[in-house]
Amino acid sequence: MGMSSDSDVPTVTPCAHCREGESLGFDFSMAFQPIVDLRDNSLFAYEALVRTAKGGGAAEVLGRVNEDNRYAFDQACRVKAVELAARLSIPCQVSINFLPNAVYSAATCIRATLEAARRFGFPTNRLIFEITEGEELVDKAHLKSIIAEYRKQGFKTAIDDFGAGYSGLNLLAEFQPDLIKLDMALIRNIDRDPVRDAIVRGILGVCQALSIEVIAEGVETPEELACLRGLGVNLFQGYLFARPGFEQLPPVNWPA
């Protein structure tokens with residue numbers, strides 16, 4: 001997807017896939033949900049979550065993404081997230097979801113993101129890219145090349161919804177991200193479920209050995225939080241702390 005900019009910033013040349021794909025034909029925006037670090041009650045990051053232009057749910061937007069426009073959509077999501085992050089003066093990291101199968105050439109497809117960060121004045125070393133594990137990965141070698149390029153550019157990487165998708169621990173055997181986000185299905189009622197407790201303990205042990213930080217997403221109750229903290233989790237995201245704020249940064253409900 002090409003992107004014009006101010007006179008002192010060069011125009012990005014789109015790759016063939018973005019150039020040949022159809023235009024989106026629809027507008028969208030972003031909501032932001034905080035990820036908190038309870039070691040010192042600080043903001044670790046905000047996740048950018050796609051929404052309709054009027055704040056409607058992600059499903060309505062994603063339902064309009066198809067094989068012809070997925071490259072352009074993936075590029076546009078990154079640029080929109082960076083633009084809004086800069087406008088909202090987000091003081092910490094920003095986490096952006098991406099579709100591995102919508103990246104043709106990592107070095108080429110990342111250019112629009114880099115130029116957007118430069119144009120809007122957002123530091124690239126504060127960007128995290130979340131791999132959506134629920135999307136079946138056609139080519140793991142291709143994914144590894146994407147991760148290598150992102151690290152070369154100074155980005156952090158994360159596996160989103162870990163434990164819910166196709167790859168699970170096998171994906172960690174192929175490459176090690178900076179972060180994983182435990183799927184909310186593993187979190188729900190973990191304080192009353194010894195099976196979930198055992199599974200999460202195992203994942204935490206693997207991540208500790210590989211120096212991977214763990215984020216518990218979808219935390220909704222004080223009991224879930226207490227259990228996860230007891231297991232050694234420090235990074236959290238969920239309604240217990242804040243719901244996503246449409247084009248704004250919602251206040252955080254810090255635990256007592």
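The chain is numbered in sequence order, starting from 1. As the structure is a prediction and not an experimental result, all values here were calculated from the model.
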Does the [X] side chain pair with the main chain of [Y], one donor and one acceptor, at a distance under 3.5 Å?
X	Y	answer
Asp193	Arg196	yes
Asn69	Ala72	no
Asn253	Leu240	yes
Glu217	Asp161	yes

Closest contact, heavy atoms only, [X] versus [Y]:
X	Y	value
Glu224	Asn189	OE2-N, 2.9 Å
Ser29	Leu84	OG-CD1, 3.7 Å
Ile90	Phe122	O-CE1, 3.8 Å
Gln237	Phe241	C-CD1, 4.4 Å
Gly57	Arg51	CA-CD, 4.2 Å
Val50	Cys77	CG2-SG, 4.4 Å

Once you round to the nearest 0.5 Å, how far does [atom1] of [X] lie from [atom2] of [Y]?
X	Y	atom1	atom2	result
Glu130	Ile159	CD	CD1	10.5 Å
Thr157	Leu179	OG1	CG	7.5 Å
Ile147	Asp178	CD1	CG	9.0 Å
Ile110	Glu149	CD1	CD	8.0 Å
Gln93	Arg126	CD	CZ	8.5 Å
Lys152	Ser145	NZ	OG	12.0 Å

According to a hydrophobic-cluster definition based on side-chain heavy atoms being under 4.5 Å apart (Ile, Leu, Val, Met, Phe, Trp, Tyr only), do [X] and [Y] belong together?
X	Y	result
Ile35	Val94	no
Phe175	Leu210	yes
Phe44	Val214	no
Leu38	Val252	yes
Ile180	Phe129	yes

For the pair [X] and [Y], find out whether any cationic side-chain nitrogen is under 4.0 Å from an anionic carboxylate oxygen.
X	Y	value
Arg229	Glu223	no
Glu115	Arg119	no
Arg188	Glu220	yes
Arg70	Asp74	no

Asp27 CG: over 12 foreign heavy atoms closer than 6.0 Å: no
Gln248 atom CD, over 12 foreign heavy atoms within 6.0 Å: yes
Gln33/Leu49 under side chain to side chain contact (heavy atoms under 4.5 Å, CB included): CA gap, chis, key distance, verdict: CA-CA 8 Å; Gln33 186 176 30; Leu49 301 161; 4.0 Å; yes
Is any side-chain heavy atom of [X] less than 4.5 Å from a side-chain heavy atom of [Y]?
X	Y	answer
Leu235	Arg39	yes
Phe155	Leu114	yes
Met30	Glu247	no
Leu204	Val233	yes
Cys92	Tyr46	yes
Ile96	Leu127	yes
Val79	Thr113	no
Asp160	Ile131	no

Side chains of Asn234 and Glu213, donor plus acceptor under 3.5 Å: no
Centroid separation Phe32 to Phe246 less than 6.0 Å: no
Aromatic ring proximity Tyr150/Phe98, centre distance under 6.0 Å: yes
Check against side-chain hydrogen bond (donor to acceptor under 3.5 Å, both in side chains), Thr52 and Glu60: CA-CA 7 Å; Thr52 69; Glu60 185 177 343; 4.9 Å; no
Test side chain to side chain contact (heavy atoms under 4.5 Å, CB included) applied to Val36 and Asn41, step by step: CA-CA 7 Å; Val36 301; Asn41 279 13; over 6 Å; no
Name of the residue among Ile212, Ile215, Leu172 meeting side chain to side chain contact (heavy atoms under 4.5 Å, CB included) with Phe162: Leu172
